[in-house]
Amino acid sequence: MKITTIGGGPGGLYSALLTKKAKPDWHIEVFEQNQADDTFGFGVVFSDETLDEFLSRDKRLFELMRNEFAHWDDVAVHFKGEEMRAGGNGFCGLSRHTLLRLLQQRCREEGIEMHFSAGVDASQIKKRFADSDVIIACDGVNSAVRNEYADAFQPSTTLRKNRFCWMGSTRPMGEFNYFFRETEHGPMVAHCYQYVPGHSTWVFEMDDDTWHAHGFKETDEEDSKAKLAEIFAEELEGHPLLLNRSHWRQFPRVFCENWYTDNIVILGDAKASAHFSIGSGTKLAMECAIALSDALVAHAEDDVQKAFQVYDDVRRTPCQITQHNADVSLSWFEHMSRSWDMDPYQFAMVVMCRAKSITYDNLIVRDPEFVRKVDDEWYARHLRDTGEDLRQTRPTPMFAKFKLRDMEVDNRVVMSPMAQYSADTDGNPTDWHKIHYASHAMGGMGLIFVEMTCPSADARITEGCPGMWTDQHEAGWKEIVDLVHANTGAKIAMQLGHAGRKGSTQLGWEKMDHPIADKSRNWPLVSASALPWFAGESSTPKPLDRADMDAVKADFVQATERVARAGFDMLELHCAHGYLLASFLSPLTNTRKDEYGGSIENRLRYPLEVFEAMRAVWPKERPMSVRVSGTDWKDGGLSEEDLIAIANAFEAAGCDLIDVSAGQTVPDQEPTYGRMFQAHLAEAVRNLTGMATMAVGAITEAAQVNTILHTRRADLVALGRTHMANPYFTHQAAAWYGARNEAMWPKQYISGAAQAFREAEKSREKMLELQRKAAPGRHSKMG
């Protein structure tokens with residue numbers, strides 16, 4: 001076998017090294033356009049976890065690297081004149097020049113041919129390397145090979161908003177530092193770490209407006225050095241900044257649909273880039289090099305394409321997870337000004353948890369003292385804002401009370417509205433609903449939502465959806481509300497919504513969103529515009545005219561009055577997920593040419609009419625919320641500017657909380673899933689408007705709830721499927737954190753609560769002790 005590698009960076013050299021070790025008789029060569037001792041930038045970062053992998057793969061390389069490491073456990077956040085330290089992170093810094101030198105040394109020792117100052121014309125690689133069985137292209141983020149074969153690799157590159165540049169300094173440091181600076185033109189940050197004794201990397205970052213206002217120029221290194229040295233004079237402690245092609249750039253976010261074509265495969269930044277704020281670029285390249293080498297060794301002699309596919313299968317998901325974490329992290333830095341009004345430890349908590357891979361419980365294991373200080377600050381802020389003193393009981397933010405108007409909930413956990421499709425054919429709640437809601441409410445959550453309920457028969461999603469347009473409906477729901485109030489400490493909320501063009505469909509466990517199979521049972525649909533859900537299958541809805549609007553609004557008003565009489569503590573209007581009112585808000589579903597279409601102000605007009613009419617008859621002492629889709633997960637859909645305009649408009653109309661969900665507006669949406677994947681939308685509303693928000697979406701752990709609350713992503717946290725799987729989620733979390741509140745437990749269960757707390761305390765202490773012993777300073781990826 002002959003393997004040709006184009007690009008002599010860490011990924012290319014490491015894949016060559018590992019493959020040659022496994023197959024000494026294979027001919028492996030590397031072509032690098034720069035000289036052997038050329039390198040750009042200063043240091044690279046590895047986690048302890050990554051170093052374990054290096055040790056297992058090539059002990060000789062690991063030993064060489066270990067002698068050169070600068071190691072740290074602490075991350076220090078410098079903000080508003082204070083330093084906040086979080087320990088137990090376990091990272092090493094290394095000179096990029098040293099890393100390349102050691103990789104080159106190991107490659108020479110294994111007999112790999114390396115050619116430097118050897119540029120390769122991407123258009124000629126098949127001719128030039130016609131005798132190569134495999135061509136590995138790892139020629140960087142601007143890969144010429146990837147661009148030459150763009151039709152096959154299907155790359156997309158997005159330039160992100162912030163400006164950044166890499167410099168060095170002679171200032172030593174024993175930790176990773178984030179230096180946040182307020183300037184007359186806006187905030188900026190320096191990401192800093194030592195990579196060899198007496199030398200540290202400094203990555204300066206700021207938004208485009210701040211960059212322009214300071215008069216920086218992309219390639220004027222000396223001018224940038226002088227300005228930054230003045231701004232960060234205190235942090236530099238008299239040490240100079242060092243230059244090495246320290247040009248200003250915007251981060252190129254690279255993603256490729258395919259990683260190979262014919263006998264060419266891509267590696268490193270050529271296939272996927274990860275933002276420097278999680279220190280993963282070199283790590284990602286070298287981990288992918290391991291997988292590529294393994295696949296080549298196992299399969300290339302028999303089937304090169306199979307080897308490439310195995311490489312893709314093994315690394316595609318981990319690579320996308322890392323890239324997603326990096327995307328979330330870089331997005332926070334693009335919007336760091338939104339957190340600038342925070343108290344110091346809350347800000348530090350946001351920095352540590354910005355990418356969502358580190359949570360409250362992770363930090364307790366890493367550095368309980370840091371978490372104690374974060375909690376202290378939170379309790380002090382809560383006392384100042386609410387008068388509730390939690391400094392002695394320390395229940396965590398999850399178990400702090402929260403008040404909207406006259407409704408006060410015992411904790412911040414909410415059970416999301418979840419369709420049950422179990423009403424009778426007239427829309428009445430059944431015994432299932434009594435059992436479902438009453439039993440779940442005993443699980444300890446502060447607030448429980450019932451499923452979307454419809455104000456008229458033709459507003460239903462399915463024939464199994466409940467309604468609120470008859471006395472029988474009202475009586476049925478009142479019985480459920482009374483059960484919850486009599487037997488639990490939970491408050492209960494109703495969500496009213498109209499299905500619009502998504503109505504008249506099959507039950508959720510049948511063919512969801514498709515029309516009822518028996519066409520005789522379907523009913524006429526309405527929407528903002530005449531756009532069917534599934535073209536050619538779903539009915540085309542009638543666009544609402546003025547008379548229709550008045551009729552639908554009247555339906556919502558009468559339903560609101562019934563909800564109030566039934567005793568619900570809170571009412572939510574459903575303006576999300578492509579249903580009727582959401583169809584007015586999204587430009588994807590609203591193509592109207594009248595005063596209800598076009599600008600976001602016009603698209604808001606009818607949903608606001610309905611909300612205002614409901615608010616007028618809803619008791620003033622009880623809160624109202626609105627559920628919105630923060631994004632449609634589709635180009636041309638709702639923007640963040642739209643979301644903020646929607647939130648502000650509903651707040652002005654008397655809305656107390658925005659429940660921020662996402663998507664389900666169009667059937668061909670393209671969501672980006674992951675843990676807490678919609679929380680950033682609630683966070684944007686919370687930080688930009690100051691409104692109370694509720695976060696939803698793939699929230700599954702108590703640690704995530706506390707993280708969301710601590711970092712001001714939301715004020716309430718809603719869990720849906722988690723509560724279906726475990727109605728007692730909140731009780732178990734209370735026991736885990738030692739948050740004792742008998743009001744959350746039915747009297748009949750209080751003796752069981754005591755035992756649950758004892759068992760949880762033992763389990764928690766045992767787990768924490770095992771984690772500390774097994775992995776001091778080795779607790780997953782930073783940020």
Side-chain angles (χ1 to χ4, degrees), residues 415-437 439-440 449-470 472-473 476-477 480 494-527 530-542 574 576-583 588-589 627 629 632-634 661-671 673 696-698 718-727:
M415 188 176 97
S416 291
M418 295 175 286
Q420 298 298 294
Y421 308 108
S422 298
D424 68 21
T425 53
D426 294 320
N428 292 297
T430 62
D431 287 346
W432 171 262
H433 293 90
K434 295 176 190 176
I435 296 168
H436 173 65
Y437 290 117
S439 64
H440 275 73
F449 272 85
V450 303
E451 65 209 87
M452 184 178 109
T453 301
C454 306
S456 64
D458 59 2
R460 291 174 297 165
I461 308 167
T462 75
E463 292 176 305
C465 291
M468 193 57 129
W469 69 84
T470 71
Q472 190 175 356
H473 295 154
W477 282 118
I480 292 169
M494 165 67 79
Q495 184 189 74
L496 286 177
H498 190 302
R501 71 176 186 153
K502 296 177 74 176
S504 191
T505 58
Q506 299 178 40
L507 302 181
W509 47 76
E510 297 174 338
K511 205 173 178 183
M512 182 180 283
D513 292 332
H514 290 263
I516 299 170
D518 181 353
K519 298 190 186 319
S520 67
R521 303 210 311 269
N522 283 285
W523 55 86
L525 304 179
V526 295
S527 189
L531 301 171
W533 178 253
F534 290 122
E537 181 181 358
S538 304
S539 297
T540 298
K542 175 192 174 187
H574 203 325
H577 299 170
Y579 296 129
L580 178 63
L581 298 178
S583 72
L588 298 177
T589 51
R627 170 165 275 205
S629 287
D632 294 323
W633 300 120
K634 189 70 177 176
S661 186
Q664 302 179 53
T665 304
V666 292
D668 59 341
Q669 65 178 10
E670 299 171 343
Y673 291 116
V696 302
L719 300 90
R721 293 179 177 88
T722 299
H723 273 121
M724 279 203 230
N726 179 12

Residues 506-513 side chain polar contacts: donor-acceptor under 3.5 Å, at least two apart:
{"residue": "Gln506", "atom": "OE1", "partner": "Lys511", "partner atom": "N", "Å": "3.3"}
{"residue": "Gln506", "atom": "NE2", "partner": "Pro515", "partner atom": "O", "Å": "2.9"}
{"residue": "Glu510", "atom": "OE1", "partner": "Leu507", "partner atom": "N", "Å": "3.1"}

_Can you give me the closest heavy-atom contact between Ser583 and Ser527, atom names plus distance?_
OG-OG, 3.2 Å
_Keeping Lys502 on the side-chain end and His577 on the backbone end, is there a donor-acceptor pair under 3.5 Å?_
yes
*His723 side chain to Ser416 side chain, donor-acceptor N/O pair below 3.5 angstrom*: no
*Would you say the side-chain atoms of Thr505 pair up with the backbone N or O of Ile461, donor to acceptor, closer than 3.5 Å?*
yes
*Heavy-atom pair with the smallest gap, counting every atom of Cys454 and Trp469*: O-CE3, 3.5 Å
*Any side-chain heavy-atom pair of Ser422 and His436 under 4.5 Å*: no
_Tell me the closest heavy-atom pair linking Asn522 and Ser504, and the distance in Å._
OD1-OG, 2.6 Å
*If only atom types and distance count, is the side chain of Ser661 paired as donor or acceptor with the main-chain N or O of Val696 below 3.5 Å?*
no
*Is the side chain of Thr453 donor-acceptor paired with the backbone N or O of Glu451 at a distance under 3.5 Å, no angle test?*
yes
*What distance do Thr470 atom OG1 and Asn428 atom CG have between them, rounded to the nearest 0.5 Å?*
5.5 Å
*Kindly compute the distance separating NE2 (His440) from CE (Met724), expressed to the nearest 0.5 Å.*
8.0 Å
*So, the side chain of His473 versus the backbone of Asp426: is there a donor-acceptor pair under 3.5 Å, distance only?*
yes
*asked:* To the nearest 0.5 Å, what is the distance between CD on Glu463 and CD1 on Ile516?
replied: 4.0 Å
*asked:* Distance check, rounded to the nearest 0.5 Å: Met452 atom CE versus Gln495 atom CD?
replied: 7.0 Å
_Which heavy atom of Trp533 sits nearest to which heavy atom of Gln664, and what is that distance?_
CH2-O, 3.5 Å
*Of the non-hydrogen atoms in Ala582 and Gly578, which two are nearest, and what is the gap between them?*
CB-N, 3.6 Å
*Within a reach of under 6.0 Å around CZ of Arg521, are more than 12 heavy atoms found that belong to other residues, nucleotides or ligands?*
yes
_Other residues, nucleotides, ligands: >12 heavy atoms within 6.0 Å of Trp523 CH2_ = yes
*Is the closest side-chain donor-acceptor distance between Gln420 and His433 under 3.5 Å?*
no
_Can you tell me how far apart CZ (Arg501) and OG1 (Thr540) are? Round to the nearest 0.5 Å._
10.0 Å
*Between atom CD of Gln472 and atom CH2 of Trp477, what is the distance when rounded to the nearest 0.5 Å?*
13.0 Å
*Taking all non-hydrogen atoms of both residues, which atom of Ile480 and which atom of Pro429 are closest, and how far apart?*
CD1-CB, 4.1 Å
*Show the numbers, then the answer: is there a side-chain contact (heavy atoms from CB on, under 4.5 Å) between Val666 and Asp632?*
CA-CA 8 Å; Val666 292; Asp632 294 323; 5.6 Å; no
